[in-house]
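Worksheet for the structure shown next.
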Amino acid sequence: MLELQRIRNEKEAVLEGLKKRNIDAAATITKLLEVDQEWRLSKAELEGVSAELNQIAKEIGDLFKQGKQEEANAAKSKTADLKEKESTLKTKVDGLDAEMTQLLYQLPNVPNELVPAGKNELDNITVLEVGSKRIYDFEAVPHWDLAKKYDLIDFELGVKITGAGFPIYKGKGAKLQRALIAFFLEEAEKAGYEEFIPPLVVNEASGYGTGQLPDKEGQMYYVNEDDLYLIPTAEVPLTNIYRDVILPSEDFSIKMTGYTPCFRREAGSYGKDVRGLNRLHQFDKVEIVRIEHPSNSEKALEEMIDHVKGLLEKLGLHYRILRLCGGDTGFASAMTYDFEVYSAAQEKWLEVSSVSRFDTFQSTRLKLRFKTADKKTQLCHTLNGSALALPRIVASLLENHQTPEGVIVPEALRKYTGFDIIN
RNA sequence: GGAGAGAUGGCAGAGCGGUUGAAUGCACCGGUCUUGAAAACCGGCGUACCGAGAGGUAUCGGGGGUUCGAAUCCCUCUCUCUCCGCCA
């Protein structure tokens, strides 16, 4: 959620920024400021009436103490009108308040100045490409065929047990999952992230805290009986650890990591995009989350990018980094870098990581703040990224490291897998 | 699942219809004293919103109600604890 203060003070800059998302928010913001104006006036009026009532109540209390019953009772009659007025104003102020919140929820984050304007993925900017496309001297096979050939993943069996998008990993396939999780967690730990194992279901307040609610309600699995949501990413429980927290000083840098399964309904997906491991309802991911002083979030983002680069390089994967354009940047993000790995067999780039800074967009909702040196409270910045999500990494590893003899396991992974080839 | 108890400031813990944003202790910050520190003493010390400011309003788990007035009474929701049952 954008800070109301910011919209008041920098209306033009906010509008300009949102244009990069291909959004014209002029009407919403004009309306918002109108409501805000009226809200402030009504609120001042309401508080005046409340102050008057409080004053009278105090006087009546004093009169009773002095035994002046009649005067006290006389004073009571004065309150009827004021109470009526207070109640009306209260209803009005609450209504305006709700209307403002509603409008604020509609506005996405203002993109960082580096974010290019644009509509969709075609307008993203490639900022770095490392490695080059592998040349195969045999016909490259897509990962779903390799998974079947080496009996690593059984998609049909997953359909039997649960449904499409819930694969069953077997044997070396299962072990590869475990190895990747362990590898990612240890790399994160080396980079200074503390590991957490959070709950996989969260309450409504947490959903609102990181911005999955109210807009993306349909993307989460919902447990009606207990009013809980299955997490779509570890970002939700990890970031919400710091909901309603005021850090005691400005000297902080919080780095968290966690492995969790992630659950996404992916309503509306179909066709070749969902083939094999490309898009699943349940998948494994190691997430990194940071809570930073505003002055450090740029550096933090760079560090996270370097971390993810390191992972991909250790896995021997050819990748590129994209700075997403306004239109392709997520609702809550101020700037997002996507990492993509090239799949020769599928002849396309697969998104394997997304690293974002949210500035104060999440912390506004989370009420996540810190105390400045002069005792003021100020909003923190939040950032997060996948480091990494498993399915497309597995797809990339299988496809890019395939040989006629089998799939070669990257050196860095061998101590976790215990085998160096899948055949 | 059944029965009971409870939810107060960073923590502990009073208050149980009247001027209480809230006693007291601890923690924390500033000061006096000291070569320095400790102790002692003095002062300060939640959050949010409105306001240029003075100040005002809200907040004692959430929501609603009774009352001139609610942390205190009533309703409701959520959560926690204890005992019983079940169980990895």
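Residue numbers begin at 1 in each chain, while the letters A, B, ... track the order of the sequences.
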Q | Within residues 76-84 of chain A, residues whose heavy atoms come under 4.0 Å of RNA chain B | A | A:Lys76, A:Thr79, A:Lys83

Q. Please give, in whole Å, the distance from B:rG18 P to A:Lys68 NZ?
A. 20 Å

Q | Separation of atom CG in A:Asn203 from atom P in B:rU78, rounded to whole Å | A | 13 Å

Q | With A:Asn124 via side chain to side chain contact (heavy atoms under 4.5 Å, CB included) - residues at least two apart | A | A:Glu121, A:Leu322, A:Leu324, A:Cys325, A:Asp328

Q: Calculate the interatomic distance between A:Asp244 atom CG and B:rG46 atom P; express it in whole Å.
A: 18 Å

Q. Rounded to the Å, how far apart are A:Glu45 CD and B:rG56 P?
A. 19 Å

Q | Protein-nucleotide distance (A:Leu247, atom CG; B:rG46, atom P), rounded to Å | A | 18 Å

**Q.** Interface residues of residues 32-40 of chain A with RNA chain B (non-hydrogen, below 4.0 angstrom)
**A.** A:Trp39, A:Arg40

Q. What residues, two or more places apart in sequence or in another chain, satisfy side chain to side chain contact (heavy atoms under 4.5 Å, CB included) together with A:Glu16?
A. A:Lys19

For residues 111-119 of chain A, dump all side-chain donor-acceptor pairs below 3.5 Å to protein atoms at least two apart in sequence or in another chain.
residue	atom	partner	partner atom	Å
A:Asn112	OD1	A:Leu114	N	2.9

(Q) Quick test of your reading: applying ring-ring contact (aromatic ring centres under 6.0 Å, His included), list the pairs with at least one residue in residues 230-255 of chain A, sequence neighbours left out, ordered by first then second residue. (A) A:Phe252-A:Phe370

Q) Between atom CD in A:Glu52 and atom P in B:rG69, what is the gap in whole Å? A) 14 Å

Q. Over how many whole Å does the gap from A:Lys58 atom NZ to B:rU19 atom C1' extend?
A. 5 Å

Q: Give the rounded distance in Å between these two atoms: NZ of A:Lys90 and C1' of B:rC50.
A: 15 Å

Q: Sort out for me which residue in A:Arg290, A:Glu292, A:Arg357 forms a side chain to side chain donor-acceptor pair (under 3.5 Å) with A:Ser297.
A: A:Arg357

Q. Do the ring planes of A:Phe263 and A:Tyr221 sit parallel (below 30°), tilted (30 to 60°) or perpendicular (above 60°)?
A. perpendicular

